[in-house]
Amino acid sequence: MGHEAQGTPRAAGVAAPGGNLDDEVEEVIAAVLTASRLLVAVSARALGRIAPSLTLPQLRALVVLDGQGPVKLAALAGALGVNPSTAMRMVDRLEAAGSVTRQANPGNRREVVLSLTARGRALVEEVLAGRHAEIATIVSRIPAGERAGLIGSLRALTEAAGEPPVAPRPAPPPESAAP
């Protein structure tokens, strides 16, 4: 089955002329996989520039802690889709690097609550800013008339996956001209 890399997008649920809905689903899957590969590469490049010793799964853990605030190990493991022992090993490394702290839960002294340190928060902000800048460059290459459709499609994808939305950043102020 062929994929039209440069073809005209069709409305969702509308099969290609002479094709069937399964072919369209496969085209969507191929496009999402390609976009996923791009976005992982963007994240890896941003991470490599800022903190080459940090892995993408460790960055994901820091981003979860940044977004959810202090959490218990089981909650972090659940958000990452890993078992608690895997999350614990990751937290051990992040704590050794000075990015995460562990504290006893005041409500239950047997539980540990994980939090970002100031260093961890700064690291997340710097990596996400680098990722944002590279994505902004890529998006600026998309013709303005196609961006609105991309917004709707990506929102539909993330909503179907249950991923919480990221708020748009305000546009930077225009650079002032030198006198």
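Note that these values count all heavy atoms, side chains included, but never hydrogens, waters or copies made by symmetry. Every value quoted in this text rests on a predicted model; they were computed, and no experiment measured them. Quick note: residue numbers are just sequence positions, from 1.
Cluster annotation: Val42 is not connected to Leu56 through the hydrophobic network of ILVMFWY side chains, with a link wherever side-chain heavy atoms come within less than 4.5 Å. Tracing side-chain contacts under 4.5 Å through hydrophobic residues (I, L, V, M, F, W, Y), one never reaches Val166 starting from Val124; they form parts of separate clusters. One hydrophobic cluster holds both Val40 and Leu80 under the rule that ILVMFWY side chains link at heavy-atom gaps under 4.5 Å. Linking ILVMFWY residues whenever their side-chain heavy atoms come closer than 4.5 Å, directly or via other members, leaves Val113 and Val64 in distinct clusters.
Without hydrogens or angle criteria, Arg147 side chain to Ile142 main chain gives a donor-acceptor distance under 3.5 Å. With Thr117 contributing its side chain and Gly98 its backbone, the two residues share a donor-acceptor pair below 3.5 Å. The closest donor-acceptor contact from the side chain of Thr158 to the backbone of Arg155 lies under 3.5 Å. Listed for the Ser99 side chain is no donor-acceptor partner under 3.5 Å among the backbone atoms of Glu95.
Annotation: side chain of Leu114 is in contact with side chain of Val91 (closest heavy-atom distance under 4.5 Å). Counting heavy atoms from C-beta outward, Leu54 and Leu62 have side chains that approach closer than 4.5 Å. Using a 4.5 Å heavy-atom cutoff, the side chains of Val112 and Leu73 are not in contact. Counting heavy atoms from C-beta outward, Asp23 and Glu26 have side chains that stay 4.5 Å or more apart.
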With side chain to side chain contact (heavy atoms under 4.5 Å, CB included) as the test, would you mind laying out the steps for Ile138 and Leu38 before giving the verdict? CA-CA 10 Å; Ile138 294 166; Leu38 164 69; 4.0 Å; yes

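In terms of heavy-atom proximity, Ala79 sits nearest to Gln68 at CB-NE2, 4.0 Å. Of all the heavy atoms in Asn83 and Ser85, the pair that sits closest is OD1-OG, 2.7 Å. Shown here for Ala46 and Gly130, the closest heavy-atom pair between the two residues is CB-C, 4.1 Å.
In this structure, Arg93 has no salt bridge (Lys or Arg N to Asp or Glu O under 4.0 Å) partners at least two apart in sequence or on a different chain.
Here the CG atom belonging to Leu59 is positioned 7.0 Å from the CG atom belonging to Leu123, to the nearest 0.5 angstrom. The CG atom of Leu76 lies 9.5 Å from the CZ atom of Arg60; values are rounded to the nearest 0.5 Å. In this structure, CD on Glu111 lies 5.0 Å from CG on Asn105, to the nearest 0.5 angstrom. For the atom pair CD of Gln58 and CE of Met90, the computed distance is 6.5 Å after rounding to the nearest 0.5 Å. From Leu94, atom CG reaches atom CZ of Arg102 across 9.5 Å, with rounding to the nearest 0.5 Å. Between atom CG of residue Leu39 and atom CD1 of residue Ile135 there is a gap of 5.5 Å, rounded to the nearest 0.5 Å.
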